[in-house]
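As structure tokens, the structure follows; a few thoughts come after it.
Here is how names work: the chains are called A, B, and so on, in the same order as the sequence lines, proteins then strands, and each is numbered from 1. Quick caveat: nothing in here was measured; it's all calculated off a predicted structure.
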There are 2 protein chains.
Amino acid sequence: MSIRSPQGAAPVFAALGDPTRLQVVDRLSSGGPSSIAVLTTGCGVSRQAVAKHLRVLAEAGLVRGWRRGRESVWELETRQLAEARQYLDAVSGQWEAALGRLKAFVEQ
Amino acid sequence: MSIRSPQGAAPVFAALGDPTRLQVVDRLSSGGPSSIAVLTTGCGVSRQAVAKHLRVLAEAGLVRGWRRGRESVWELETRQLAEARQYLDAVSGQWEAALGRLKAFVEQ
DNA sequence: TCAATGTGCAACCATTCGGTTGCATGTATG
DNA sequence: CATACATGCAACCGAATGGTTGCACATTGA
């Protein structure tokens with residue numbers, strides 16, 4: 001699923017808006033697919049907390065997981081990440097354009 | 001102030017992670033500097049709610065406000081927006097690199 | 001087989017969050 | 001000056017959030 005309305009991007013940003021979750025994203029991006037147990041080591045919170053965070057990230061479409069034996073492996077899903085980036089681009093762009101119009105209006 | 005550590009970006013994303021706040025950012029980016037009263041019209045929440053959201057956005061460095069007569073005017077601050085975008089780029093980039101290494105390892 | 005490992009589920013808890021209402025204050029404007 | 005307008009401050013409220021603990025269940029491996 002992709003971001004349709006401006007406010008549609010909110011859940012993605014909300015998912016990224018927690019330090020622990022951002023740390024998980026970071027470790028997934030640098031370390032590749034990892035199990036919950038691995039992600040928990042040196043994370044500072046319990047395994048269940050990490051599992052919850054992964055659920056939140058998954059619901060925002062930022063991460064995808066599957067089962068391998070007794071462990072559940074998770075990997076990064078970059079599509080929503082790219083869409084969030086695109087949204088920030090759009091906002092910045094509109095703002096620059098608005099500044100340009102204001103400048104033109106003042107200088108006329 | 002700029003984003004230093006990965007988790008340092010969390011407050012910025014958290015600020016963007018609310019639909020109402022994202023709507024405010026949107027209107028500021030397309031409509032230029034606006035007063036609280038103006039931002040409130042057609043927003044769906046009370047004026048005080050909008051004021052609170054602007055405070056949150058300001059604390060995240062996404063918005064800047066000043067007083068003009070009896071109204072307080074707010075405008076978008078694009079620096080943090082750009083940094084957030086940069087952070088998303090970095091995460092995606094690291095992930096692509098990790099995928100590349102994995103591919104090389106599998107194919108060797 | 002049996003113990004260790006990795007998860008999932010559920011209950012619980014304190015804090016934060018988004019929102020409201022009420023009231024006081026400052027500023028234009030007739 | 002009196003009124004309308006725009007905001008700030010503070011208290012309050014229900015719901016969501018981030019976290020924990022305890023226990024049950026599946027899988028691995030000696």
Side-chain angles (χ1 to χ4, degrees), chain A residues 5-28 31-76, chain B residues 5-28 31-76:
Chain A
S5 69
Q7 288 101 307
V12 179
F13 289 126
L16 294 172
D18 174 84
T20 305
R21 229 133 55 201
L22 216 44
Q23 188 186 8
V24 167
V25 167
D26 224 63
R27 293 181 63 167
L28 284 182
S34 319
S35 73
I36 295 181
V38 167
L39 288 172
T40 300
T41 62
C43 176
V45 301
S46 72
R47 177 182 55 80
Q48 286 85 344
V50 173
K52 274 194 188 178
H53 282 309
L54 284 169
R55 246 185 90 95
V56 172
L57 288 169
E59 276 168 13
L62 287 167
V63 104
R64 173 184 18 156
W66 64 91
R67 196 78 192 231
R68 185 177 61 193
R70 66 184 161 186
E71 60 190 358
S72 86
V73 184
W74 297 80
E75 77 173 1
L76 209 57
Chain B
S5 70
Q7 289 101 307
V12 178
F13 288 127
L16 293 172
D18 173 84
T20 306
R21 230 135 51 201
L22 216 44
Q23 188 185 6
V24 166
V25 167
D26 225 62
R27 293 182 62 169
L28 284 182
S34 318
S35 73
I36 295 180
V38 167
L39 288 171
T40 301
T41 64
C43 176
V45 301
S46 71
R47 175 183 56 81
Q48 288 84 344
V50 174
K52 273 194 191 179
H53 283 309
L54 283 168
R55 245 185 91 96
V56 173
L57 288 169
E59 275 167 12
L62 288 167
V63 104
R64 172 184 19 157
W66 63 92
R67 196 79 192 231
R68 185 178 61 195
R70 65 182 163 187
E71 60 191 0
S72 85
V73 185
W74 297 79
E75 77 172 3
L76 207 58

Grab the [atom1]-[atom2] distance between [X] and [N] for me, whole Å please.
| X | N | atom1 | atom2 | answer |
| --- | --- | --- | --- | --- |
| Phe13(A) | dC17(C) | CZ | C1' | 19 Å |
| Trp66(B) | dT7(D) | CH2 | C1' | 16 Å |
| Arg55(B) | dC17(C) | CZ | C1' | 14 Å |
| Ile36(B) | dT7(D) | CD1 | C1' | 6 Å |
| Leu22(A) | dG18(D) | CG | C1' | 15 Å |
| Gln23(A) | dG19(D) | CD | P | 10 Å |
| Leu54(B) | dG19(C) | CG | P | 12 Å |

Next on the checklist: For Asp18(A) and Trp74(B), find the nucleotide of DNA chain D closest to each by heavy atoms; which residue's nucleotide sits nearer the 5' end?
Outcome noted: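 That would be Trp74(B).
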Checklist entry - Out of Leu57(A), Ile36(A), Val50(A), which residue meets the side chain to side chain contact (heavy atoms under 4.5 Å, CB included) rule with Trp74(A)? => result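 Only one of Leu57(A), Ile36(A), Val50(A) forms a side chain to side chain contact (heavy atoms under 4.5 Å, CB included) with Trp74(A), namely Ile36(A).
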OP1, OP2 of [N] versus side-chain N and O of [X]: anything below 4.0 Å?
| X | N | result |
| --- | --- | --- |
| Arg67(B) | dT27(C) | no |
| Thr20(A) | dG18(D) | no |
| His53(B) | dC17(C) | no |
| Ser46(A) | dT20(D) | yes |
| Ser72(B) | dA6(D) | no |

Would you indicate what [X] reaches in the nucleic acid, counting non-hydrogen atoms under 4.0 angstrom: base, sugar-phosphate, or nothing?
| X | answer |
| --- | --- |
| Arg68(A) | nothing |
| Ala49(B) | base |
| Arg21(B) | sugar-phosphate |
| Arg47(A) | base |

Next on the checklist: Please determine whether any donor N or O and acceptor N or O are separated by less than 3.5 Å between the side chain of Glu71(B) and the base of dG26(C).
Outcome noted: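 Side chain to base: no pair below 3.5 Å.
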Next on the checklist: On the side chain of Gln48(A), is there an atom forming a donor-acceptor pair with the base of dG6(C) - under 3.5 Å, no angle test?
Outcome noted: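 Between dG6(C) and Gln48(A), which were checked side chain against base, a qualifying N/O pair under 3.5 Å is absent.
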Checklist entry - Nearest to the side chain of Lys52(B), which nucleotide is it out of dT7(C), dG19(D), dT20(C)? => result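 Of the candidates, dT20(C) comes closest.
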Next on the checklist: Quick check on DNA chain C: between Arg70(A) and Ala51(A), whose nearest nucleotide comes earlier from the 5' end?
Outcome noted: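 Nearest-nucleotide comparison on DNA chain C picks Arg70(A).
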Using only atom types and a distance under 3.5 Å, with no angle test, would you say the side chain of [X] pairs donor to acceptor with the backbone of [Y]?
| X | Y | answer |
| --- | --- | --- |
| Ser34(A) | Gly32(A) | yes |
| Arg21(B) | Ala15(B) | yes |
| Arg67(B) | Arg70(B) | yes |
| Arg47(B) | Leu39(B) | no |

Item to check | Exercise: identify the closest heavy-atom pair between Pro33(A) and Glu75(A) | outcome: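 The pair with the smallest heavy-atom distance is CG-OE1, 3.6 Å.
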